[in-house]
Amino acid sequence: MDYITIDTMKKLQSVGFSYPEYEHALNNGMLFYYNGDEYFVGGYTMDSFSLIDREVAEKGQWLPDASQLLDWLQNTDFSVIISTDADSYFSIQATDLINGQIYSCGGATCANALAKLIFKICK
């Protein structure tokens with residue numbers, strides 16, 4: 001799974017992006033930026049999360065993966081089409097199901113292409 005960087009997340013937040021359902025969630029595999037480093041939250045059950053896992057989820061900056069960004073688009077009433085070419089370049093088209101507006105973007109990774117698309121939508 002590919003994730004966005006802290007710089008990309010800051011850029012998204014600068015245009016109003018937020019996803020409270022995930023931003024401080026404590027789930028396996030979540031990636032956060034905390035104290036100058038990236039940190040994956042681990043554990044097999046809710047009881048096995050360490051104190052640092054809990055601290056990172058509470059105080060760190062969530063870095064979404066492609067699946068979480070796609071969830072945001074779907075939960076904000078967008079229909080999404082993702083395609084790749086022979087060079088594995090991702091092209092994404094999202095249609096606003098409320099007003100019919102179409103947005104498109106591309107990128108070398110799915111998460112980066114989705115982040116560019118969400119930036120356009122939020123801007």
Side-chain angles (χ1 to χ4, degrees):
M1 187 59 59
D2 58 320
Y3 296 82
I4 65 171
T5 65
I6 186 65
D7 293 331
T8 301
M9 185 58 163
K10 287 178 180 178
K11 186 174 177 182
L12 285 176
Q13 289 176 319
S14 76
V15 292
F17 173 78
S18 73
Y19 200 4
E21 293 84 349
Y22 279 110
E23 289 173 3
H24 296 288
L26 183 61
N27 293 313
N28 280 332
M30 299 271 299
L31 180 65
F32 290 87
Y33 185 82
Y34 182 66
N35 283 343
D37 204 2
E38 292 179 351
Y39 186 91
F40 277 98
V41 171
Y44 294 104
T45 67
M46 289 302 282
D47 294 334
S48 66
F49 289 114
S50 69
L51 292 176
I52 190 69
D53 287 337
R54 295 174 194 283
E55 181 178 331
V56 165
E58 179 184 337
K59 297 178 181 176
Q61 175 63 60
W62 168 59
L63 301 177
D65 64 22
S67 177
Q68 294 159 343
L69 293 171
L70 186 58
D71 283 348
W72 182 88
L73 285 163
Q74 292 171 330
N75 288 331
T76 53
D77 295 320
F78 283 88
S79 172
V80 181
I81 298 170
I82 301 173
S83 59
T84 59
D85 64 15
D87 296 322
S88 297
Y89 183 84
F90 288 86
S91 297
I92 302 176
Q93 179 179 311
T95 303
D96 186 324
L97 297 174
I98 306 298
N99 65 22
Q101 178 74 35
I102 297 173
Y103 301 86
S104 61
C105 210
T109 69
C110 190
N112 283 338
L114 286 164
K116 287 180 191 177
L117 184 76
I118 291 170
F119 181 84
K120 281 185 176 181
I121 290 168
C122 289
K123 193 172 178 186

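Counting from 1, the numbers follow the sequence of the chain as shown.
Linking ILVMFWY residues whenever their side-chain heavy atoms come closer than 4.5 Å, directly or via other members, leaves Y89 and I4 in distinct clusters.
Tested against W72, the residues L69, T76, L70, N75 include a single side-chain contact (heavy atoms from CB on, under 4.5 Å) partner, T76.
Not counting sequence neighbours, F119 has no partner by the ring-ring contact (aromatic ring centres under 6.0 Å, His included) test.
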Output, in order, the C-alpha distance, side-chain angles, deciding distance and verdict of side chain to side chain contact (heavy atoms under 4.5 Å, CB included) for N27 and V41.
CA-CA 7 Å; N27 293 313; V41 171; over 6 Å; no
Going through the checks in order, is the side chain to side chain contact (heavy atoms under 4.5 Å, CB included) test met by D85 and S91?
CA-CA 8 Å; D85 64 15; S91 297; over 6 Å; no
Let me see the working for Y22 and D71 under side chain to side chain contact (heavy atoms under 4.5 Å, CB included), right down to the final yes or no.
CA-CA 10 Å; Y22 279 110; D71 283 348; 3.0 Å; yes
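Nearest heavy-atom pair, Y19 versus Q68, reported as atom, atom and distance to 0.1 Å: CE2-O, 3.6 Å. Across all non-hydrogen atoms, the minimal contact from A113 to I92 is CB-CD1, 3.5 Å. Closest heavy-atom contact between K116 and G106: NZ-O, 3.1 Å. The two residues D2 and C110 come nearest to each other via the heavy atoms OD2-N, 3.2 Å. Closest approach of L114 and L73 over heavy atoms only: CD2-CD1, 3.6 Å. Residues P64 and M9 share a closest heavy-atom pair of CD-SD, 4.0 Å.
Below 30°, between 30° and 60°, or above 60°: for Y3 and F40 the angle between ring planes is above 60°, a perpendicular geometry.
Interatomic distance, K11 NZ to C122 SG, rounded to the nearest 0.5 Å: 12.5 Å. To the nearest 0.5 angstrom, T95 atom OG1 is 6.0 Å from I81 atom CD1. Atom NE2 in H24 sits 7.5 Å away from atom CD in Q61 (nearest 0.5 Å). Taking OG of S79 as the reference point, atom CD of Q74 lies at 8.5 Å (rounded to 0.5 Å).
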Donor-acceptor contacts, no H, no angles, side chain residues 97-104, under 3.5 Å, sequence neighbours left out:
| from | atom 1 | to | atom 2 | distance (Å) |
| --- | --- | --- | --- | --- |
| N99 | OD1 | Q101 | N | 2.8 |

For residues 29-39, which side-chain N or O atoms pair as donor and acceptor with protein atoms under 3.5 Å away, sequence neighbours left out?
| from | atom 1 | to | atom 2 | distance (Å) |
| --- | --- | --- | --- | --- |
| Y34 | OH | E55 | OE2 | 2.2 |
| Y39 | OH | D53 | OD1 | 2.9 |

